[in-house]
Amino acid sequence: MARLIVGTVLVLWFVVSVVYITPANAAQIPHESSRYRNELTRQARLIWGINAPIAVMAAQIHQESAWNKSAVSAVGAKGLAQFMPGTARWIPAIDSRLNNPQPTNPTWALRALARYDFWLYSKLKADTYCDRWAMTLSAYNGGLGWVLRDKKAANAAGDSRWLWWDNVEKYNAGRGKSQFRENRGYPRRILRLLTPRYQQAGWGQGVCHD
């Protein structure tokens with residue numbers, strides 16, 4: 001009986017540790033990020049200009065791969081930026097310098113992420129920089145078409161199509177529940193949790209200041 005009680009306590013302690021410790025640890029900046037910091041800064045500024053929101057893109061890479069250049073997801077996304085094969089093949093259409101897709105090549109992946117973000121950002125409009133970036137990240141995660149349909153649904157319901165937070169983010173134009181939950185968590189985690197960590201570490205400014 002004593003062994004059973006001890007075993008139960010240990011199991012409960014492990015569960016509590018996973019729930020309350022793992023998320024905090026997962027938000028810490030991986031040491032591996034320092035290897036790619038200069039290259040991300042260079043590529044981002046080439047595409048976005050001197051005021052490129054590098055802290056946001058760093059947080060995005062953190063979310064995608066935790067800075068593991070060899071990361072491969074269960075559905076086949078690869079590299080630092082976790083590009084699916086189809087998206088990697090399409091990327092040269094918006095940047096000829098990204099010909100010969102190599103998602104596990106850090107230089108290719110960092111430029112491709114900055115370029116794809118810029119392309120999505122240019123296709124979306126919002127009332128604030130923060131809202132526009134939230135829409136951009138949602139589109140990166142789930143596709144531009146879904147964001148445009150969600151914006152339309154928000155407008156039809158009387159909410160603003162030009163605001164993400166508490167407006168467009170509430171609407172699901174047809175995704176499955178798990179995909180919708182993941183997609184809504186993606187910009188929130190990047191902009192609200194991870195970007196401030198990179199800002200504090202000196203990676204530059206974020207895009208949400210409230």
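Bear in mind that the values here come from a model prediction, so they are computed numbers and not experimental data. For the numbers below, each heavy atom of this structure counts, side chains included, while hydrogens, waters and symmetry mates do not.
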Looking at T41 and R37, would you say the former's side chain and the latter's main chain have a donor-acceptor pair under 3.5 Å? yes
Under a 4.0 Å threshold between the charged nitrogen and the carboxylate oxygen, would R188 count as salt-bridged to E169? yes
Does any N or O in the side chain of S33 come within less than 3.5 Å of the main-chain N or O of I29, such that one atom is a donor and the other an acceptor? no
Could you tell me whether the side chain of N167 and the main chain of S160 form a donor-acceptor pair under 3.5 Å? yes
How many angstroms lie between atom CG of D127 and atom CZ of R132, to the nearest 0.5 angstrom? 11.0 Å
Which heavy atom of L110 sits nearest a heavy atom of I61, and at what distance? CD2-CD1, 3.3 Å
Within the 3.5 Å criterion, strictly below it, is a donor on Y198 or Q60 matched to an acceptor on the partner's side chain? no
Separation of K78 NZ from E64 CD (nearest 0.5 Å): 15.5 Å
Sidechain-backbone polar pair: T195 side chain, I190 backbone, donor-acceptor under 3.5 Å: yes
Main chain of V168, side chain of R161: is a donor-acceptor contact present, judged purely on distance under 3.5 Å? no
How long is the span from the CG atom in L148 to the CG atom in L124, to the nearest 0.5 Å? 6.0 Å
Using the rule that Ile, Leu, Val, Met, Phe, Trp and Tyr join whenever any side-chain heavy atoms are under 4.5 Å apart, tell me whether L137 and Y129 fall into a single cluster. yes
Just by modelled atom types, is the I47 backbone N or O under 3.5 Å from a matching donor or acceptor in the R115 side chain? no
Can the ring centres of W48 and W133 be said to be less than 6.0 Å apart? yes
Mind checking the CZ-CG spacing from R45 to L40? Nearest 0.5 Å is all I need. 10.0 Å
So if you build clusters from Ile, Leu, Val, Met, Phe, Trp, Tyr with side-chain heavy-atom gaps below 4.5 Å, do L46 and L120 land together? no
How close do A71 and Q82 get, heavy atom to heavy atom, and via which atoms? O-NE2, 3.1 Å
Give me the one residue out of K152, K170, K151 that meets salt bridge (Lys or Arg N to Asp or Glu O under 4.0 Å) with D159. K170
Separation between CZ of R111 and CD1 of I91, rounded to the nearest 0.5 Å: 11.0 Å
Can you tell me if Q43 and E39 form a side-chain donor-acceptor pair at under 3.5 Å? yes
Report yes if the distance between the aromatic ring centroids of W146 and F180 is under 6.0 Å, otherwise no. no
Of all the heavy-atom pairs spanning A66 and P30, show the shortest one and how long it is. O-CG, 3.7 Å
Tightest non-hydrogen contact, residues F83 and A112, listed as CE1-CB, 3.5 Å
Will you find, in the side chains of Y116 and D95, an N or O donor that is under 3.5 Å from an N or O acceptor? no
May I ask you to check whether S138 and N183 show a side-chain donor-acceptor distance below 3.5 Å? yes
To the nearest 0.5 angstrom, please state how far the CZ atom of R42 sits from the CD1 atom of I54. 12.5 Å
Of the non-hydrogen atoms in R192 and C130, which two are nearest, and what is the gap between them? NH2-SG, 4.3 Å
Basic-acidic side-chain contact under 4.0 Å: R175, D150: yes
Shared hydrophobic cluster for L113 and M84 (ILVMFWY, side-chain gaps under 4.5 Å): no
Are D131 and T128 close enough that a side-chain donor and a side-chain acceptor fall under 3.5 Å? yes
Compute both the distance and the angle, then confirm whether R35 meets the cation-pi test with W67: under 6.0 Å from the six-membered ring centre, within 45 degrees of the axis. no
Do E182 and N141 meet the criterion of a side-chain donor-acceptor pair at a distance under 3.5 Å? yes
Show the nearest heavy-atom pair for residues A44 and A52, with the distance to one decimal. O-CB, 3.6 Å
